[in-house]
Structure formats: C-alpha cells, structure tokens
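Written below as structure tokens is the structure these notes are about.
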Amino acid sequence: MHAERSAPVTLVLVLVGILLGGCTAASMSSEPAILSLSPSPSPVQTDAPARPSASPSASADPAPGAPSSVALPTGSPQPEPTLVPPPDATLAVEGGDPVVGEQGTWSWNNAASDAPWLPGYPIHVGANERLTFNMSDRVPIDTWQASRVPPTAVPGGDGVIGMAEGTGSSITFEAPPAGSWSVAVTVRFGDNLGDAVYYWAMTVE
C-alpha cells in the first residue's frame, strides 16, 4: 500500500522540477543581451594643412552699398611735376650766327624758377656792333632791359651797368666796350605770360 502512494508523489515532484527548469530557462532567455562595445579608434593626425573653406570669388560684384576696393599707395615717392620754361631767346650781330642765351630766373605757364646772375653762353662780337635779340617763338614782349657786369661780379651780379631798355618785341642795342662781360637781357612778356632773364658771356674785341 505504501509503495503505490509514493509513485504519484514522485511523479508530481518530477513535473514540478521540469516546470521550474523551463521557467528558469525562459527567464534567462528574456534578459537583454549585453554587447561589449569597444571604443572607436581615434582619428590619425597628418601634417597636411587643413583645406580652407571656400571663399567668394574675388571677381564677384560687391554687395550693394559696400565700399569699392581702393589701391593703397606703395610708399614709393611720386615724380615731381615737369617744369616747362619759357621759349629760348637768341642774340646775334648783323651777319653773325645767333647764339642761344642761358636762362636764369623766369616765370611762365603757372611755374617759376629762380637763379642768381649767370655767366651765360659765350658769344664773340666786335666793338660798337649792333646786337639783335629774338625769341624762338612769337611771344609778345611788353618791356625789356639789357645790362652787364664784369665776370668777376658773377654770380653776385654786383655793380650792374644798364645798357639799354625799351618796349615791344623789336629789341636791339649796342655792344658794350671792349672786354669780357656777362650780358643779361630781361624781358616781361605780354598777355601776362610771365618774364625771363637770358645771359651771354660776351667777349668784345
């Protein structure tokens, strides 16, 4: 009798064990899997420079109201404006070749140049010969004056000796006495064009 009763109990215990084992397996399979994530490798640094971001084209039109680009001075010195002197003048005796005078102080065409008394360009004339002054261009002359100093007075121009003076563009005067002289002819141009002084190193024989 006792052996027959223990068989069902044993069967029940076996079934309970099977059920408990299945629950345990089910609970274990329901747990989320844990992934082992390894850190990503750090970027490799290189010596190549970073590429600059794209910039607008230099030829693109500036935005409305933006100031236009202005070329800045480089600092190099600017050339001086060219001074344009008055026309040349010549002096000659009858039958002789005209000789251009050396320009001294002058004012012309809104420009000017200052100089001391100059020796002048050389010219040889005879005593008592008549000298004729001419401008290379047809410039009107209001007044003129001829004067001289000995070479020892150059460049100070001390002891100036007047020789002749007049008005108009027809200018003639007599050569100074025999010797060496620095002869100057000063002219004031018409039409408010200015004035100029011309010099000759004159040898009178």
Side-chain angles (χ1 to χ4, degrees), residues 59 67-205:
S59 60
S68 59
S69 61
V70 178
L72 297 177
T74 60
S76 59
Q78 299 297 320
E80 294 291 335
T82 303
L83 297 179
V84 179
D88 290 333
T90 62
L91 196 62
V93 296
E94 185 177 355
D97 294 330
V99 177
V100 176
E102 183 178 12
Q103 285 191 6
T105 300
W106 57 265
S107 62
W108 176 264
N109 196 24
N110 297 322
S113 177
D114 193 18
W117 192 290
L118 302 176
Y121 295 147
I123 182 174
H124 290 75
V125 301
N128 302 319
E129 283 194 293
R130 199 74 182 170
L131 300 169
T132 301
F133 174 96
N134 284 304
M135 297 295 302
S136 60
D137 291 344
R138 292 187 177 181
V139 181
I141 295 176
D142 278 349
T143 61
W144 61 272
Q145 182 179 30
S147 54
R148 71 180 189 269
V149 297
T152 54
V154 178
D158 297 330
V160 176
I161 302 171
M163 297 170 57
E165 59 183 21
T167 59
S169 298
S170 179
I171 302 175
T172 61
F173 55 94
E174 188 174 304
S180 296
W181 308 92
S182 175
V183 174
V185 177
T186 304
V187 294
R188 181 172 297 278
F189 303 115
D191 300 332
N192 295 320
L193 293 175
D195 50 59
V197 185
Y198 301 88
Y199 296 92
W200 288 264
M202 185 173 297
T203 301
V204 183
E205 298 174 344

Quiz prompt | Nearest atoms (heavy-atom pairs only) where Pro98 meets Ala92 | solution = CA-CB, 3.5 Å

Quiz item: Is there a side chain to side chain contact (heavy atoms under 4.5 Å, CB included) between Asp88 and Thr90 once you walk through the steps?
Solution: CA-CA 7 Å; Asp88 290 333; Thr90 62; 5.8 Å; no

Quiz item: At their closest point, which heavy atom of Gln103 faces which heavy atom of Leu118, and how far apart are they?
Solution: O-CD1, 3.3 Å

Practice problem: Output, in order, the C-alpha distance, side-chain angles, deciding distance and verdict of side chain to side chain contact (heavy atoms under 4.5 Å, CB included) for Arg130 and Glu94. | Solution: CA-CA 7 Å; Arg130 199 74 182 170; Glu94 185 177 355; over 6 Å; no

Quiz item: Residues in side-chain contact (heavy atoms from CB on, under 4.5 Å) with Pro122, at least two apart?
Solution: none

Quiz prompt | Contact list for residues 97-117, test ring-ring contact (aromatic ring centres under 6.0 Å, His included), sequence neighbours left out | solution = Trp108-Phe189, Trp117-Tyr199

Practice problem: Looking only at non-hydrogen atoms, find the nearest pair between Ser169 and Ile141 and report the distance. | Solution: OG-N, 3.2 Å

Quiz item: What ring-ring contact (aromatic ring centres under 6.0 Å, His included) pairs are there with at least one residue in residues 163-188, not counting sequence neighbours?
Solution: none

Exercise. In sequence, state the C-alpha distance, the side-chain angles, and the governing distance for Val125 and Leu91, and then conclude on side chain to side chain contact (heavy atoms under 4.5 Å, CB included).
Key: CA-CA 10 Å; Val125 301; Leu91 196 62; over 6 Å; no

Quiz prompt | Any pair counted as salt bridge (charged side-chain N to carboxylate O under 4.0 Å, His left out), so long as it reaches residues 100-129, sequence neighbours left out | solution = none

Self-check item: Contact list for residues 174-203, test salt bridge (charged side-chain N to carboxylate O under 4.0 Å, His left out), sequence neighbours left out
Solution: Arg188-Asp195

Self-check item: Sole residue of Val99, Val93, Asp97 in side chain to side chain contact (heavy atoms under 4.5 Å, CB included) with Ile123
Solution: Val99

Practice problem: Heavy atoms only: give me the nearest Val183-Pro176 pair and the separation to one decimal. | Solution: CG2-CG, 4.4 Å

Which donor-acceptor pairs under 3.5 Å do the side chains of residues 143-157 make with protein atoms, sequence neighbours left out?
none

Exercise. Please report the closest heavy-atom contact between Ser182 and Pro119, naming both atoms and the distance.
Key: OG-O, 3.2 Å

Quiz item: Is Val100 close to Ser136 at the side-chain level, that is, under 4.5 Å between some pair of heavy atoms?
Solution: no

